[in-house]
Every structure is written in C-alpha cells, then in structure tokens.
Amino acid sequence: MEPYDPQTIELKWQEAWERERAFSVPNPSSPDEMDAERTYVLEMLPYPSGELHMGHVKNYTLGDVLAHVRTRMGFRVLRPMGYDAFGLPAENAAIRESAHPRLVTERNIAAIREQMRRMGWAIDWDREVSTSDPSYYRWTQWLFLKFYEQGLAYRKEAPVNWCPNDQTVLANEQVIDGRCERCGAEVERRNLEQWFFRITAYADRLLEEMSLLESWPDYVLTMQRNWIGRSEGAEVIFRIEELETEIPVFTTRPDTLFGATFFVLSPEHPLVPELVAGTPHEEEVLAYVRRAAGRSASERADPEKEKTGVFTGAFVTNPVNEQRLPIWVADYVLMEYGTGAIMAVPAHDERDFDFARRYELAVKVVVAPGDEEFEEGTYVPHSEGERLVDSAQFSGLPAEEAKRAIVEWLEERGLGRPAVSYRLRDWLLSRQRYWGCPIPILYCDACGMVPVPEEDLPVLLPEVEEYLPKGRSPLAAAEDWVHTTCPRCGGRARRETDTMDTFVDSSWYFIRYCDAHNDQEAWNREIADYWLPVNQYIGGVEHAILHLLYARFFVKVLNDLGLLGFREPFLRLFTQGMIHYHGAKMSKTRGNVVSPDDMIERYGADAVRLYILYMGPAEDDIEWQDTGIEGMYRFLGRLWRLGVEVAERGPAEVAAGPLVRRAHAAIAKVSDDILRRFRFNTPIAAVIELVNEIYHVKDEPDRAGEVRFATETAVSLIQPYAPHLAEELWERLGRARLWETPWPEADSSLLERETFELVVQVNGRVRDKVEVPVGLSDAELVDRAKELPRVRAHLDGKEIRKEIVVPGKLVNLVV
Ligand SMILES: [Zn+2]
Ligand SMILES: [Zn+2]
C-alpha cells in the first residue's frame with residue numbers, strides 16, 4: 001500500500017482549490033442569494049511584522065474548522081483575510097532590518113500569504129485587503145473626515161504619553177504599568193498638539209449596547225466596563241476667592257464634604273502657575289511641577305509609593321460650610337482623571353490620609369459605623385450602615401440618603417449637581433511616525449484648519465529618505481509634500497504631518513472585506529448590511545480592550561451616520577489561549593519557538609492543524625509537546641491506511657449494526673461540540689475513537705457495509721480539521737468535492753438513548769438540572785454544568801475554587 005504522503009496530497013488539493021476558487025463566496029447578485037442563510041466567520045488579521053507563528057496557526061485553524069462546517073451545512077460563509085500593515089509592528093520590523101517599511105511589509109505579506117496557502121485554510125482570497133494600500137487607506141482618510149465633520153475628530157494640546165524609544169505618542173491604552181506596550185520602555189509625559197477621536201461621547205452606549213451582544217467572554221466585558229469606568233456622584237463647585245475663580249470637583253462621595261480638610265491640584269492643572277505667581281511659594285511650587293513631569297502616571301498613582309506635595313499658600317472655599325481649605329499641589333492627583341482637582345477627605349480616603357499624615361494636615365471623621373465607637377482624627381474606612389456625624393443638619397442621616405440630600409442642597413444654591421464621571425478618555429490617534437495613514441488635514445494661514453476635499457483623497461504617504469523616528473514626524477522632512485495650496489483660498493498651506501494610530505485602520509477592516517474592491521465608496525451599505533455583523537469573531541486575549549472597544553465605537557458612529565444598519569460589529573467573540581513551549585509563551589527572544597514551516601515540512605499541514613486544536617480546550621493556554629504532534633501524524637497515517645484499504649475493497653451495501661450506530665453517535669458529538677459548545681478538541685477524540693472501533697472489526701467479512709459507512713463518516717467528520725487527507729480519501733472512495741458535500745446528520749433513531757439527569761449545584765445549592773449522556777468524563781460533566789445559563793448567572797463571573805463531581809448524579813461548583 002502507498003504510504004501516507006502529506007506533501008504530495010496537500011499540494012495537489014491546494015492547487016485544486018485555487019484553480020476552482022473553491023472558497024470564494026461572491027456578494028449576492030440575486031434575491032435568492034440575498035435570502036440565503038449567511039454567516040460571517042472572522043479572525044483578527046495579522047500584523048505583517050514577520051512570518052506566521054503558532055498563535056496565528058491556532059487562530060486561523062479555529063476559524064477554518066467553523067467555516068468548513070458552516071459551509072457544508074448550507075450557509076453562504078464569508079471568511080476573508082487581510083493584513084494590518086501600517087503601524088509600529090511593521091515599522092519596527094523594518095527598522096530592525098534597516099530596510100524601507102514598504103519593502104519589508106510587502107515581503108512579509110508575500111511570505112504570510114504563502115504560509116496561509118500552505119496551511120490549506122479555506123480563505124476567500126478575492127477579498128484580500130492590506131491597510132497600507134492606498135486603495136484601502138483612501139477610505140480610512142474618508143472616514144476620518146466623516147468623524148471630523150461630526151466634531152468626533154478634533155485637535156488640542158494635551159499632556160501625552162511619550163515613548164522615548166519608539167519616539168512617538170502612545171494612547172493611554174498602550175501604556176501598561178507605566179511602560180510602552182510594544183517595547184517596554186518607561187513612558188514619559190509631554191505636552192503636544194494631538195488629534196483625538198471623541199470616544200467619550202459614546203461611553204454610555206459602549207456600556208448599554210453590550211446587551212446587543214450574543215456571546216462574549218464575561219471577562220472581556222468586565223475589562224471593557226472597568227476601562228470605561230463609569231461612576232455616579234456629584235460635581236461640586238469650590239471657589240478661590242483671591243482669583244474669583246471656580247474649580248469643579250467630581251466626587252463619588254458627596255456625603256463626606258464636611259470632612260474635606262484640604263484641597264489638591266494636579267501639577268499639570270492650568271491654574272497652578274496663576275495661583276502662585278508673584279508669591280513667596282512660586283519658586284518652590286514650579287520646581288515641584290517640573291519634577292512631577294518626569295514621573296510616570298503609574299508611579300505617581302502607585303499606592304505603595306510615598307506621596308509628595310507642596311503648599312501653594314492659597315485657599316479654596318468649601319461650599320457646604322464656607323470653610324477655607326489650603327490648596328496643595330501633589331502628583332498623586334492626575335490631570336487625566338476627573339478634573340485634575342480633588343477635595344481631600346483624609347478620614348475616609350487612604351491616599352488623602354497618607355498625605356495628611358506626612359504633612360500634618362487635619363483629619364476629620366464625618367461618616368461612622370452605625371453604633372460602634374470610632375477614634376476621632378484617624379482613618380475610618382467606609383462600612384455598611386454608616387451614618388453622618390459632625391456634618392451640620394445632615395448629621396445622623398444614613399450615608400446613601402445624605403449623598404442625595406447634600407447634592408440637592410448644593411443644587412438649590414447653584415453650587416453643585418449630580419454628575420457621572422468616566423475613566424475613559426478620548427482616543428489619542430495621532431502618531432509622529434512614518435509608517436501610517438496620513439491625516440487628511442491642511443493648515444492655511446488665512447483659513448486655518450482645512451480638511452482635504454474628498455476628491456483629493458487619498459493623501460499619499462510621501463517617499464522620504466529618512467523614515468526613522470526623530471521625535472517629530474518624518475513626514476515633515478518631505479518639503480515638497482508638506483507645502484501645498486489651500487483648496488479654499490488658493491493660498492499657501494501645509495499638510496498635517498502626523499499619521500494615524502494603526503488601531504484606526506483595524507477599526508473598520510471587517511466592513512471593507514464585504515466590498516473589498518469598491519472604488520466609488522468605502523462600502524455599499526446594502527452589501528455591508530447583508531454580511532455584517534460578524535457572527536463569530538476569533539482572536540487573542542491581548543485585544544480585549546483596545547481593538548474591540550475602538551471597533552465597537554466606529555460601528556456606533558457609522559450607524560449614527562446612516563452608513564451601517566447595525567450597532568455592534570461582533571455578535572459572538574471567542575478568545576483563544578496562548579501556546580507555550582518548555583513552560584513559557586513561545587517567543588523569539590526566549591528562543592522557544594516551534595516554527596509552523598518546520599512542522600509542515602516534517603508532518604504536513606493536516607497534522608499541524610489537527611494537533612493545534614487537539615492540545616486542549618481552545619480558550620486555554622496550552623503547552624506544545626513534540627510527542628503530541630507525532631501522535632497526530634500517526635493517527636492520520638492510520639486513517640489513511642484504513643481509507644485506502646476500504647476504498648480498494650470497493651462499494652458495499654450499508655447494513656445496520658453497532659458500528660453504524662457508533663458512527664451516528666460520532667456525528668452527533670462532533671456537530672454538537674463544534675456548533676453548540678465551541679469545543680474543538682473533543683471532536684478529534686471522537687473521530688479517533690471511531691477509527692479505533694472500525695479497526696477492531698474491519699476484517700470481519702459480514703460487516704463490510706458497516707465498515708464502509710463508518711469509514712466514510714470518519715473521513716467526512718475529520719474534513720474541517722484535515723481537509724487535504726479527507727479530500728484525497730473521499731475521492732478514492734469514489735466520491736467528489738467533500739468541501740461542498742452536506743455535513744452529515746445523525747439519525748436520532750439510531751442514537752443510544754442512554755442519558756441521566758445531572759443535578760447542578762453552586763455552593764451546595766441546586767441551581768439547575770440537565771439531561772446528559774451516560775459516559776461523559778468528570779471534566780465534561782463540569783463543562784456541561786458551567787454552560788447552563790442559570791448556573792452562569794449564579795457564578796456571576798466568580799472564580800470556581802472547587803469542582804465536586806459525583807458521576808452519574810451531580811456537579812457542585814464551589815466559588
Ligand atoms: Zn515603545
Ligand atoms: Zn486658505
């Protein structure tokens with residue numbers, strides 16, 4: 001018998017699929033197609049900063065399995081691919097190689113495209129897009145102008161996060177623990193004119209419209225909620241008599257106003273210089289402000305670090321009692337959050353208390369636990385049932401009631417009002433880097449800021465000799481490009497030289513895929529509304545906040561502009577786990593990388609595809625094992641020999657029998673696991689088991705019909721994972737075009753009806769019951785239990801500390 005030869009088989013089928021454009025799904029051209037069931041399977045597009053790694057292989061194989069199954073179920077499946085080609089990952093790769101970003105990007109894209117074809121992924125290549133291509137970024141610029149027209153893109157001077165290594169501004173989202181997300185350098189603060197998207201105008205909708213999502217991991221929703229950071233409280237007006245100025249302060253605890261003993265301004269607060277001008281405090285305060293500018297935001301906010309500050313000599317008036325409070329400048333107060341000014345209540349706020357103790361400032365207790373004793377002049381944490389003390393007419397009120405009463409009292413006097421505050425800031429989108437989408441704005445001496453007219457788009461990225469970051473945009477060096485004429489007055493104008501954050505490019509690529517070659521408009525709305533929203537999005541956990549939040553914001557704006565008919569881009573989200581090797585995340589710097597190319601060369605793409613999903617539940621972080629992929633390769637060899645042998649025996653009459661029943665059980669399990677449970681490893685185990693059972697009886701002459709049927713079923717079920725081998729065997733079994741063959745359906749009359757009622761408890765209390773098949777493992781029983789909506793509601797995202805399983809009876813989840 002010919003041995004299993006993946007290299008030959010795989011190239012044969014890849015060529016066949018390409019020749020036939022097997023996975024191209026054109027846009028609907030008839031009413032029938034418009035009505036056909038459709039689904040959009042999308043995986044996050046790669047940065048072409050190098051070649052594909054195993055994380056990509058996992059991501060795209062997951063999408064591939066789903067796309068195959070859905071296609072064979074009769075859906076029109078949109079499954080496109082592209083490249084997030086602008087931005088720091090690609091530019092930094094180019095700088096490392098001392099080559100032009102365009103050349104490096106183009107070369108990497110060619111290599112990635114080749115790898116994707118060699119993996120045999122069922123991609124609709126007719127929709128390929130690259131965000132650095134002028135035919136794409138023309139529309140990125142057009143979208144920017146739409147946002148600009150709506151006042152949703154604006155320019156202002158702002159303190160920004162500056163990465164001294166990448167020589168560019170970073171969004172708050174790109175600063176992790178005070179360091180640059182990309183390179184790890186400590187981030188500095190600078191004041192610069194910058195472009196922003198007004199994402200804060202959509203803060204409430206980004207929260208509320210989470211209800212439109214069908215299935216997102218709870219932790220992602222929680223991270224987004226925390227990032228938006230909505231809190232309810234009050235805006236209270238404090239007054240600086242000397243300057244005849246009012247300073248609004250946001251507080252979530254207006255009930256503690258009587259406990260304010262001092263007042264703190266952030267060193268960046270614009271009133272600081274004015275407040276100390278010409279006073280004996282001026283020199284000391286301004287020196288402090290300069291020192292604070294050199295400290296990172298996270299260092300300043302670190303509760304462990306000792307707090308520092310300086311007295312300004314000035315006072316504010318507390319609106320509730322006319323008390324004069326000393327104004328300090330301290331860098332634990334950040335300009336970005338709230339108004340850059342706080343009323344300090346040291347008795348009930350730990351940071352304020354630390355500060356008060358260090359500088360010997362007064363501490364006054366104003367809310368106290370109901371009946372217990374407390375010590376005057378010390379820190380008293382908030383507690384349940386607390387009531388106000390020492391707060392004039394509000395003393396004795398429960399804290400919640402006092403909040404309302406005090407805000408009402410302030411509001412009647414025009415000294416305050418109920419207010420909502422967000423942690424979310426506007427999205428800083430301008431970058432002083434070369435490799436990005438130029439911002440389509442001109443500056444004219446006579447007309448001021450002028451948007452580039454639509455008919456002049458795209459504003460092409462100029463060719464420059466020197467693209468290395470130098471602290472100002474390298475585009476500024478392209479003098480011929482910078483100097484232009486004003487479209488309004490015909491006078492002299494110069495171009496904006498900043499480029500856009502690459503997250504702008506990736507906030508709408510999934511819309512462009514729907515209508516990738518449209519050169520009249522960014523997309524046709526009818527076509528976009530036909531395919532979108534995305535039914536299943538798959539990607540890495542690292543994008544839980546940034547990309548997903550920005551894409552949601554874009555779609556909401558585009559919906560408001562009437563350009564799209566839906567409000568959320570991704571109905572279902574799946575975040576895959578990482579792949580570890582030798583105990584750590586695979587990374588080039590650690591030298592623990594398994595290259596997809598090497599694995600394909602040794603075992604073939606089918607074995608790699610199969611193993612990457614067999615390693616464990618797709619959401620878990622999983623350790624790559626060299627023996628594991630060998631095992632998968634051996635299984636494929638075993639299936640190959642079975643298929644070839646059965647094919648050579650020729651057709652056989654299908655007879656009923658235990659093996660046919662087993663095959664139907666496998667169909668039921670594989671379909672249910674993939675489609676309903678989003679489990680990709682257990683279907684492989686089910687097919688392996690089926691193949692083993694076929695081997696036990698394959699030589700019994702009176703069971704040829706059963707063996708034939710079960711073998712065909714095994715081949716059909718493994719097709720989404722190992723499409724090349726499956727296609728080859730299918731052909732040898734006398735059939736054709738398995739990729740288009742309807743997905744098998746389990747005959748329910750043949751399924752063994754052996755089930756029992758599983759009782760599911762949370763913390764020992766019964767929360768639900770569910771009918772499950774006999775013979776599931778403990779882990780599978782726990783999985784079934786955790787999936788139940790009523791159980792999920794009781795778990796409420798809490799960590800499960802213990803899983804108690806009584807097989808055949810109950811699961812108790814302890815949180
Ligand atoms: Zn950096
Ligand atoms: Zn002009």
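In listed order, ligands and their atoms are each counted from 1.
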Would Y581 and E623 count as a side-chain hydrogen bond (donor to acceptor under 3.5 Å, both in side chains) if you check the C-alpha gap in whole Å, the side-chain angles of each, and the deciding distance to 0.1 Å?
CA-CA 5 Å; Y581 191 46; E623 170 83 14; over 6 Å; no
Where the Zn ion (ligand 1) is the centre, what is the SG-to-SG angle for C180 and C163, rounded to 10°?
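Value returned, to the nearest 10°, is 110°.
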Enclosure of N518 CG (heavy-atom neighbours >12, cutoff 6.0 Å)
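Yes - once you tally the heavy atoms of other residues, nucleotides and ligands closer than 6.0 Å, there are more than 12.
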Where the Zn ion (ligand 2) is the corner point, what angle links SG of C444 with SG of C489, to 10°?
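Rounded to 10°, it measures 100°.
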For the Zn ion (ligand 1), the closest N/O/S atom belonging to D166:
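Looking at D166, the N, O or S atom with the least distance to the Zn ion (ligand 1) is OD2.
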R552 bridged to E209 by N-O distance under 4.0 Å:
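Here R552 does not pair with E209 in a salt bridge, since their nearest N and O are not under 4.0 Å apart.
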Under 4.0 Å between a side-chain nitrogen and a carboxylate oxygen: does that hold for E268 and R300?
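Judged by the 4.0 Å cut-off on N to carboxylate O distance, E268 and R300 do form a salt bridge.
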